[in-house]
Chemist: 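Provided herewith is a single structure, encoded as structure tokens, for subsequent inquiry.
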Amino acid sequence: MIACPCEVCHSADARDKRLRTSVLIEVEGKNFVIDTGPDFREQMLKANVLRLDAVLFTHEHRDHIAGLDDIRSYNYVQEKPMDIYAEDRVIRAIKQEFAYVFAKDKYPGIPEVNLHQIENHSFEIEGIPILPIRVMHLKLPLLGFRIDDFTYITDANYILDAEKEKIKGLKYLVVNGLRREKHVSHYTLSEALALIQELKPNHAFITHISHQMGFHKDVQAELPPNVTLAYDGLVLDI
Ligand SMILES: [Zn+2]
Ligand SMILES: [Zn+2]
Ligand SMILES: [Zn+2]
């Protein structure tokens with residue numbers, strides 16, 4: 001965190017250097033990202049992502065959409081608009097936040113997007129089936145996504161039983177766990193662990209981690225063997 005004097009923010013361990021939450025999914029030769037936060041550009045450069053086929057958005061908070069402008073490089077290289085998948089409310093927020101992208105009289109070189117409105121029903125991107133999972137972020141309904149046996153859920157602190165049914169007993173679950181202390185709109189570490197116990201994935205990963213969680217090595221040492229505290233650059237080969 002900017003201007004934070006705490007030990008975690010000044011840790012020498014690379015796993016304590018946390019950029020904003022996002023994931024790159026490579027499936028059948030296609031690359032998708034879920035969310036483009038303020039660190040999107042740095043993340044794409046670090047991971048050397050030479051091609052991006054689509055962006056899926058969970059919700060419209062700044063830490064999940066602010067980096068959208070930088071898709072312009074993919075527009076340039078791939079010579080086409082970027083396919084964006086989001087709910088109606090999120091699309092409206094993106095149109096407001098990035099009004100210049102949707103202006104009638106456009107300045108040359110600005111990002112080009114092809115918007116696809118989704119709902120809480122399965123859909124396909126490039127023939128790959130995606131199953132949305134409705135989760136709650138305090139009072140804001142947002143979407144997690146299941147692709148095959150992998151599910152990604154960020155910024156949630158409540159999930160209805162019917163939605164949990166969609167992801168019971170899957171292989172890999174990524175779920176947010178912000179810190180140890182109670183939070184109004186995110187699962188805490190213990191709440192995330194309780195959800196993992198209930199859903200019983202083979203392996204779970206905790207993401208959207210605050211500096212208030214503590215050092216990676218200390219937290220990881222406390223976790224059950226099937227739970228990993230995620231870190232930037234973590235690669236999962238499924
Ligand atoms: Zn700090
Ligand atoms: Zn949020
Ligand atoms: Zn967030």
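Whatever order the structure lists them in is the order used to number ligands and atoms, beginning at 1.
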Chemist: Determine which of the N, O or S atoms in His59 is closest to the Zn ion (ligand 2) and give its atom name.
Modeler: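 Nearest to the Zn ion (ligand 2) within His59's N, O and S set: NE2.
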Chemist: Give a rough value, rounded to 10 degrees, for the angle at the Zn ion (ligand 1) between atoms SG of Cys9 and SG of Cys6.
Modeler: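 SG of Cys9, the Zn ion (ligand 1) and SG of Cys6 span an angle of about 110°.
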Chemist: Is it true that His183 and Asn157 share a donor-acceptor pair across their side chains at a distance under 3.5 Å?
Modeler: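 Side-chain D/A pair, Asn157 to His183: absent.
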Chemist: Of the backbone and side-chain N, O or S atoms of His64, does one lie nearer to the Zn ion (ligand 2) than 2.8 Å?
Modeler: no
Chemist: Where the Zn ion (ligand 2) is the centre, what is the ND1-to-OD2 angle for His61 and Asp155, rounded to 10°?
Modeler: 170°
Chemist: With no hydrogens and no angle check, do the side chains of Asp83 and Asn114 hold a donor and an acceptor under 3.5 Å apart?
Modeler: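 Yes, because at least one side-chain N or O of Asp83 sits under 3.5 Å from a partner of the opposite role on Asn114.
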Chemist: So, His10 and the Zn ion (ligand 1): N/O/S under 2.8 Å, yes or no?
Modeler: no
Chemist: Any side-chain donor-acceptor pair under 3.5 Å between His216 and Asp13?
Modeler: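 Checked: His216/Asp13 side chains show no N/O donor-acceptor pair below 3.5 Å.
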Chemist: How long is the gap from OG on Ser185 to NZ on Lys139, to the nearest 0.5 Å?
Modeler: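 Ser185 OG to Lys139 NZ: 12.0 Å, rounded to 0.5 Å.
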Chemist: I'd like to know if the Zn ion (ligand 3) has an N/O/S atom from His186 within less than 2.8 Å of it, counting both backbone and side-chain atoms.
Modeler: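 No, since none of the N, O or S atoms of His186 sits under 2.8 Å from the Zn ion (ligand 3).
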Chemist: Which atom, among the N/O/S set of His211, is closest to the Zn ion (ligand 1)?
Modeler: ND1
Chemist: Quick one: do the Asn176 and Thr207 side chains pair a donor with an acceptor below 3.5 Å?
Modeler: no
Chemist: For the ring pair Phe205 and His203, is the centre-to-centre distance below 6.0 Å?
Modeler: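 Ring centres of His203 and Phe205 closer than 6.0 Å.
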Chemist: Between Phe150 and Ile130, is there a shared hydrophobic cluster once you connect ILVMFWY residues whose side-chain heavy atoms come closer than 4.5 Å?
Modeler: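 Both belong to a single hydrophobic cluster.
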Chemist: Name of the Asp63 N, O or S atom nearest the Zn ion (ligand 3)?
Modeler: OD2
Chemist: To make sure I understand the geometry: which N, O or S atom in His208 is closest to the Zn ion (ligand 3)?
Modeler: NE2
